[in-house]
Amino acid sequence: MHMPRTDMQRRLTVIGGGLAGSEAAWQAARAGARVTLVEMRPARPTPAHRTDRLAELVCSNSLGSDLPDRAGGLLKAELRRLGSLIIAAAERAAVPAGGALAVDRDAFAAIVTRAIEDHPRIDLVRDEATAVPDGPCVVATGPLTSDRLATDLRRLTGQDHLYFYDALAPIVTAESIDLTVAFRQSRHDRGDTDGGDYINCPLDEPAYRAFVAALLAAERIPLRDFEHEAEVFFEGCLPIEVIAARSPDALAFGPMRPIGLRDPRTGRRPFAVVQLRQDNVAGSLYNLVGFQTNLRWGDQERVLRMIPGLAGAEFVRLGQMHRNTFINAPALLTPGLAFRGRPGLYFAGQITGIEGYTGNAASGLLAGLNAARALSGHADVVLPPTTMLGALCHYITACDPDRFQPMKANFGLLPPLEPAIRHKAERYRAYGARALADLDACLARHDIPLAEEHAQAPDDVLV
């Protein structure tokens, strides 16, 4: 896809219609820019996506914790203040998930797609971008950057990309889960409605040991497209077979940890548990939380049916893996997500090394805002490192380039409080209060209104 130079000089091009790209286009348009959003699907499909909709979620249907004393919850609070399209759409498409913000995938993607298509200052182009244009641009191509664009990015950055593999979790029908064995409950009974927002499949120690043995003996799907690349995985999205290979109890202390759960049949905490989370508004689909896998599909069904409650499970999606691409952000980007080597070029989303759905959307928000400001001659907004989004952007642009790995929102990124607060819950609440106060002050300095102050503007109405 090649755009005329004259058009590029008047407009902002956003490449990629995922969470980050959709948010970037929305924010830039809301700030007054005319935007061309380029999304290669359906002209060029990917191994992970099922539809041509924007912001399609492919790994999980959860945007993480919505609690104010959690890092993800604080990041969402910041995005609400900033008028995030993605958070507004997620809240409209929300499904029960305890203290988390989980969505009906199809409804969520439909809301975002319609909002972008209906925006008067956004043109949606369905074509593959094979090169970064010369004019103002936000690159938000995510984990599945096309080969031709990746080649151009390698030319632009002057260095090789880093790769790791991302895995998808299976999804089953709710009616195929045996609730005489499985039980509804949220950890520590947090956010329970109708007995619990999660379905839990309990394993005693013999069942757990047998499951791990079968998992390790099962055959994996060869990574055919990437056989010449190092097999590097992001810790936050490891396949269960990779975790199990580390130690016999690794899964029981990881995605199968039973903390905060009690089996009503025994009155005791299980040795291990597999949690399933509602995946659509109708409650007819559930995904296996943290159960990303790349086993061959026949072996995958056989092994997963060993989980108590899933013997007769109907799988509507089995696990699979895809490549994730990200740049060495510390060597290339400023804390405002601008590319150091060329004015007017910004990066956002997983390609920057920010992980997690909410973090991806947040980076798109900042990149889109700053790209629009650059078009009108204003300086980039650099958020305080005391905010969660500011801390993420400072981390990915200031850490050691030789040891750079993707990062998601966490309180460890924030500077310490003065004076220190020893009690963890109180400390996290104080982090949140400081972050929101500093965010408000930063926006005031840049004459950027809080979302509530322009909520009635036609651009900001989700239809």
Side-chain angles (χ1 to χ4, degrees), residues 19-20 23-24 27-28 31 63-66 68-87 138 140 326-327 329-340 346-374 378-401 404-418 427-451:
L19 296 178
E23 187 73 71
Q27 295 300 328
L63 276 73
S65 177
D66 208 22
D69 60 348
R70 298 291 189 271
L74 173 55
L75 184 56
K76 290 180 186 65
E78 295 175 4
L79 290 181
R80 291 185 182 100
R81 267 172 155 77
L82 290 162
S84 167
L85 166 67
I86 295 302
I87 296 302
V138 175
F326 62 100
I327 62 174
L332 299 172
L333 302 183
T334 71
L337 302 180
F339 184 66
R340 298 180 191 274
Y346 295 81
F347 283 78
Q350 282 186 274
I351 200 165
T352 68
I354 289 179
E355 273 297 326
Y357 287 150
T358 307
N360 290 170
S363 66
L365 189 153
L366 184 61
L369 174 64
N370 280 338
R373 289 174 63 85
H378 293 96
D380 286 350
V381 174
V382 176
L383 296 176
T386 51
T387 65
M388 188 56 67
L389 178 52
L392 270 172
C393 292
H394 279 77
Y395 174 84
I396 66 163
T397 58
C399 66
D400 184 351
F404 180 52
Q405 285 290 320
M407 180 59 64
K408 66 191 306 181
N410 66 88
F411 283 121
L413 299 176
L414 300 179
L417 296 161
E418 295 182 4
R427 184 167 68 251
Y428 288 173
R429 285 193 291 270
Y431 276 143
R434 182 183 66 177
L436 296 180
D438 288 356
L439 176 62
D440 290 353
C442 176
L443 296 180
R445 286 195 302 273
H446 290 89
D447 294 322
I448 300 172
L450 293 177

Nearest-0.5 Å distance, [atom1] of residue [X] to [atom2] of residue [Y]:
X    : Y    : atom1 : atom2 : value
Y346 : L337 : OH    : CG    : 9.0 Å
L450 : R81  : CG    : CZ    : 6.5 Å
E355 : L392 : CD    : CG    : 10.5 Å
I448 : D440 : CD1   : CG    : 11.5 Å
Y431 : R70  : OH    : CZ    : 14.5 Å
L439 : L82  : CG    : CG    : 5.0 Å

Checklist entry - Passes side chain to side chain contact (heavy atoms under 4.5 Å, CB included), L74 versus L436? Steps please. => result CA-CA 8 Å; L74 173 55; L436 296 180; 4.2 Å; yes
Is it the case that the side chain of [X] and the backbone of [Y] share a donor-acceptor pair, with hydrogens and angles ignored and the cut-off at 3.5 Å?
X    : Y    : value
S65  : G72  : no
R373 : A379 : yes
D69  : R429 : no
D380 : V382 : no
E23  : I86  : yes
E78  : T387 : no
D438 : T386 : no

Return the minimal non-hydrogen interatomic distance between [X] and [Y], and the atom names on each side.
X    : Y    : value
K76  : T358 : NZ-OG1, 3.5 Å
L366 : V381 : CD1-O, 3.7 Å
Q27  : S84  : NE2-CA, 3.8 Å
A348 : V138 : CB-CG1, 4.2 Å
A31  : A372 : CB-CB, 3.7 Å
R434 : P415 : NH2-O, 2.7 Å

Item to check | More than 12 heavy atoms from other groups under 6.0 Å of NE2 on H446 | outcome: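 Yes - once you tally the heavy atoms of other residues, nucleotides and ligands closer than 6.0 Å, there are more than 12.
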Checklist entry - Among H394, K408, M407, which residue meets the side-chain contact (heavy atoms from CB on, under 4.5 Å) test with L413? => result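 Among H394, K408, M407, the one meeting side-chain contact (heavy atoms from CB on, under 4.5 Å) with L413 is M407.
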Checklist entry - Are the side chains of T334 and T397 in touch, meaning some heavy atoms are under 4.5 Å apart? => result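 A side-chain contact under 4.5 Å is absent here.
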Next on the checklist: Using 30° and 60° as the class boundaries, would you call the ring planes of F404 and F326 parallel, tilted or perpendicular?
Outcome noted: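 Answer is perpendicular, since the angle exceeds 60°.
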